[in-house]
Number of protein chains: 2
Amino acid sequence: MLKAKPRYASADRFVPPPKLPPPTPVVDLGEAEMRAAQDLLFFGYRDFTDVADKVLEELELGRAHHRALHFIGRNPGITVSGLLAILRIKKQSLARVLNALIDEGYVGQAAGFEDRRLRLLTLTEKGHALEETVFAAQRDKIAKAYQAVGPQAVQGFRMVMRAMMDHGARAYMDGTGSPEDT
Amino acid sequence: MLKAKPRYASADRFVPPPKLPPPTPVVDLGEAEMRAAQDLLFFGYRDFTDVADKVLEELELGRAHHRALHFIGRNPGITVSGLLAILRIKKQSLARVLNALIDEGYVGQAAGFEDRRLRLLTLTEKGHALEETVFAAQRDKIAKAYQAVGPQAVQGFRMVMRAMMDHGARAYMDGTGSPEDT
DNA sequence: TGGATAGGTCAGTATTATTGACTTAATTTG
DNA sequence: CAAATTAAGTCAATAATACTGACCTATCCA
């Protein structure tokens, strides 16, 4: 029986498409290394965030909530603008996440002293406890990885990840730049 | 004028919430290192994927399309099930992305030889060209980073990212496991 | 006082993903 | 061979995350 719209080649045996591209032609060793890096980053990031997601889903919170929680915890008193710059999302998108965290009592805010337009964001005790819980899962994963590879490899990891970042993010991590620069 | 529902503490000056948690108390150096790792992964991954996104948005394609394109390119003849295992999404989600790539002529498929239920996915010439273009942007970023930090650091980066992965993903990258194991 | 800035919000839309149910074709198994 | 299983496709509804565009208030600054 013929399908109305066969998307696949209906052959009696495996017949590659007319002009089958060579299976990822490796021009030089450097090229292969770069492609491997793509995989490393994908799987490493996937499995690193996965352990956090598992903890969060029980609390009806998503990855976006965790990101906000994390960076508020890392930067007590951060402004909304600062958070927007780090997360690189629009304020309408942050609003959903941030209002949920505030409504649930994870995040508190206070008007700035010098500039009272600013909303200085902080974690509440409850928020701090939640962040600690989620962090514990990721900390265990990192700790295992770090112990498995040794301090020299960890140093290399830090250097590469750092080099991958934009200039502003590097400055932020060095403590020589503000969240707004990221 | 009073707001109906003031979400923030209306104070004359900066008054932290009653029980302000200490600004990310660092218990030991290891703890700080783990927290730094969270930041490294976030910013590194953010800026790595960002260069690809910029190329893709001109072609009306999203990050999901690129992920499928990448792993089909890396694994010519991969099955739908294999792709699903790597991406860790449902087949209904993959369908949208994959059908778009097939309709646009980036991906071709053929029935398997031994098992004709299988749809063996490959990149067409056009798909291969697109993947190359997107890869070029990421390759440049990685190449710059690798050159800046030296081969020893690169080796450390690889070891840490590898250790962060789940067992199945490690086996896949070693070539000793199939996509289904990831 | 008027413009710029920080922030909030409403409305609509897009992307990526989900759950659940159902179908077809092909393989495997009793 | 019939029944169960597997690979894949599809329809429908929903959720999470993000977007554009517009408009508003409060505050700061020149």
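Every chain is numbered from 1, with letters handed out A, B, ... down the list of sequences.
With rounding to whole Å, A/Leu98 atom CG is found 13 Å from D/dA18 atom P. Here C/dT27 presents its P atom at 11 Å from CD of B/Glu114, a figure rounded to the nearest Å. Residue B/Arg117 contributes atom CZ, which lies 6 Å from atom P of D/dA7 at whole-angstrom precision. One atom, CD of A/Glu180, and another, P of C/dA6, lie 8 Å apart when rounded to the nearest Å. If you take CG of B/Leu101 and P of D/dG9, they are 13 Å apart, rounded to a whole angstrom. Going from atom NE2 of B/His65 over to atom P of C/dA17 covers 10 Å, rounded to whole Å. A straight line from CG of B/Asp115 to C1' of D/dA7 spans 7 Å, rounded to a whole angstrom.
In summary, the side chains of A/His167 and A/Asp181 do not present any donor paired with an acceptor at a separation below 3.5 Å, with no hydrogens or angles considered.
A salt bridge does not link B/Glu33 with A/Arg139: every distance from a Lys NZ or Arg NE/NH1/NH2 to an Asp or Glu carboxylate oxygen is 4.0 Å or more.
The ring of B/Tyr172 has its center no closer than 6.0 angstrom to the ring center of A/Phe42.
Test A/Gln155, A/Met161, A/Arg162 against A/Arg158 for side-chain contact (heavy atoms from CB on, under 4.5 Å) and you get one pass: A/Gln155.
Contacts with DNA chain D (heavy atom under 4.0 Å) in residues 40-63 of chain A: A/Gly62, A/Arg63, listed by number. For DNA chain C, the neighbouring residues in residues 81-94 of chain A, judged by any heavy atom under 4.0 Å, are A/Ser81, A/Lys91, A/Gln92.
At the phosphate of C/dA26, OP1 or OP2 sits under 4.0 Å from a side-chain N or O atom of B/Arg116. For B/Arg96, a side-chain nitrogen or oxygen approaches OP1 or OP2 of C/dT16 to under 4.0 Å. Contact annotation: A/Arg119 side-chain N/O to C/dA6 OP1/OP2 distance is not under 4.0 Å.
Looking at the side chain of A/Gln109, the nearest of the listed nucleotides C/dA6, C/dT27, C/dG8 is C/dG8.
Ring geometry for B/Tyr146 against B/Phe157 counts as perpendicular: the plane angle is over 60°, on a 0 to 90° scale with 30° as the lower cut. Below 30°, between 30° and 60°, or above 60°: for A/Tyr45 and B/Tyr45 the angle between ring planes is below 30°, a parallel geometry.
Counting heavy atoms from C-beta on, the side chains of B/His65 and B/Leu56 never come closer than 4.5 Å. Between B/Ile86 and B/Glu180, every side-chain heavy-atom pair lies at or beyond the 4.5 Å cut-off.
With hydrophobic clusters built from ILVMFWY side chains whose heavy atoms lie under 4.5 angstrom apart, B/Val51 does not share a cluster with B/Leu40.
Between A/Arg67 and B/Leu118, the residue anchored closer to the 5' end of DNA chain D is B/Leu118, taking for each the nucleotide with the nearest heavy atom.
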